[in-house]
Amino acid sequence: MRIVVGITGGIAAYKAPELVRLLKKAGHEVRCAATEHALEFVTRVTLETVSGAPLYSDLFASGHTEHISLKDWGEILVVAPATANIIGKVASGVADDALSTLLLAFSGKPVIMAPAMNCEMWAHPAVQRNIETLKGWGIRMVGPEEGELACGVNGMGRMAEPEQIVAAICQGEMSKMKGEKWLVTAGPTYERIDSVRFISNYSSGKMGFALAEVLAEQGAEVELVTGPTHLNVSANQHINLHRVESAREMYAAATEVFPSCKGAILSAAVADYRPSECADHKLKKNGSEGMHLDLVQNPDILATLGGMKTSGQTLVGFALETDNEEANAQRKLEKKNLDYIVLNSLRDKGAGFGVDTNKVTIIGRDGSRKESPLMSKQEVAKLIIKTVTS
Ligand code: PMT
């Protein structure tokens, strides 16, 4: 995740570099925003060194819309420590410095605060009223804790430890899609010719498994319907694996679970055709004669779900193209009644079948368009899920 850590002027600001270090260690990207008073307790050099990014602390120093750029960049804003002053400012809608301005701009995105102050200040009705106001707006409080305070007394007001704040951030991420069920299709399908042969394609299932794992990491229950693949899902993830072989089996499994799902992402490379008959024995060569296979069309799973879709559901299809990519993807988006289509082209090196990477363009029904660079299929999955759920 891209996390903005806001630091205000309390003695607990000395713990902020440790919080940033832990977040970076957990694989997150971090940028810091500090008030002028915070920089009395912790230095700019320290914060820039641990975060590896420039500090935002002056409304006018780095362009007057930096608070908006940082809001667009960040996925979550964590204020630690949060003084009574910043809590009061946000509750009253005051934006008179870099951090308070950023906090107002951040509305609509998750905000966590770790309050820290003297126990009498914490108990003050104005502070308690402000805390309730912020909680009512969905701002999550971590702590404060009871213990020895900087002023020497024991009481409520100590900032939660950086490890607790990190845990709260991860929990928030986990609960983003909690209670939502998503359907994902993955892999190829096998269409039997006889008892030993089949028609198929080169799909490995990697793209679909990455999507299922990212959805599960974000708290969703996933129904993963996959064609034949050697891949497996890691233990203890909320993924219900349905292994199928043919397009018709995939169709039956997907149409059964879709009505109970919040959304579906269909990344499987489903065979459009199957042999009209499947011999129950191994077909023998017939002298030097050629052989004709009669093919019939398979049901289109994505188009069927497009017809079943109700207003609260999100339906995402993939388009694997070799030419006229955008026009073909756009046509599928409309014809199959999709909300988004993820286009990948076999003309892009490192994209598509079998490889660990992909390069996609996500096209929305609303005309939106997002292009990714070549990235790991996990990163592509994160981008797709973020786009189709926000
Ligand atoms: O599995 P990997 O090796 O990781 O490779 C990933 C991938 C290349 C398979 C994946 O990124 C991808 O592009 N999947 C879609 C491939 C495909 O069959 O595209 P299509 O343009 O033929 O189909 C369009 C959409 O309709 C797809 O969402 C497909 O799942 C769906 N479809 C197609 C036919 C059919 N009978 N039923 C369907 O649901």
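Just so you know, ligand 1 is whichever comes first in the structure, and atom 1 is the first atom listed for that ligand.
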Does ligand 1 have an atom under 4.0 Å from some heavy atom of A254?
no

Quick test: of every protein heavy atom, which one is nearest to atom 21 (O) of ligand 1, and how far off is it to 0.1 Å?
K332 NZ, 2.4 Å

Heavy-atom distances under 4.0 Å decide this one: backbone, side chain, both or neither, for L302 against ligand 1?
both

Within ligand 1, which atoms have a heavy atom of S267 less than 4.0 Å away?
9 (C), 10 (C), 12 (C), 14 (N), 15 (C)

Residue selection (non-hydrogen contact nearest atom 1 (O) of ligand 1) among P188, A268, G317, S203:
S203

With heavy atoms and a 4.0 Å threshold, my read on which part of D272 contacts ligand 1 is side chain

Has Q297 got any heavy atom lying under 4.0 angstrom from an atom of ligand 1?
no

Could you establish whether K336 and ligand 1 come within less than 4.0 Å of each other, counting only heavy atoms on the residue side?
yes

Kindly give the heavy-atom pair with the smallest separation between A271 and A247, and that separation in Å.
O-CB, 4.1 Å

Check A247 against ligand 1 and report side chain, backbone, both or neither, counting heavy atoms closer than 4.0 Å.
neither

Ligand 1 atoms nearer than 4.0 angstrom to some heavy atom of N358 are 11 (O)

Any nitrogen or oxygen of G187, side chain or backbone, less than 3.5 Å from one on ligand 1?
no

Could you report the tightest heavy-atom contact between G354 and K377, atom names first, then the distance?
N-NZ, 4.2 Å

When the ring planes of Y202 and F353 are compared, do they come out parallel, tilted or perpendicular, using 30° and 60° as the limits?
perpendicular

Minimum distance, heavy atoms only, to atom 13 (O) of ligand 1: which one of T226, D356, N344 is it?
N344

How far is atom 23 (O) of ligand 1 from its nearest protein heavy atom, and which residue and atom is that?
F318 O, 3.8 Å

Would you say NE2 of H230 has more than 12 non-hydrogen atoms from neighbouring residues, nucleotides or ligands within 6.0 angstrom?
no

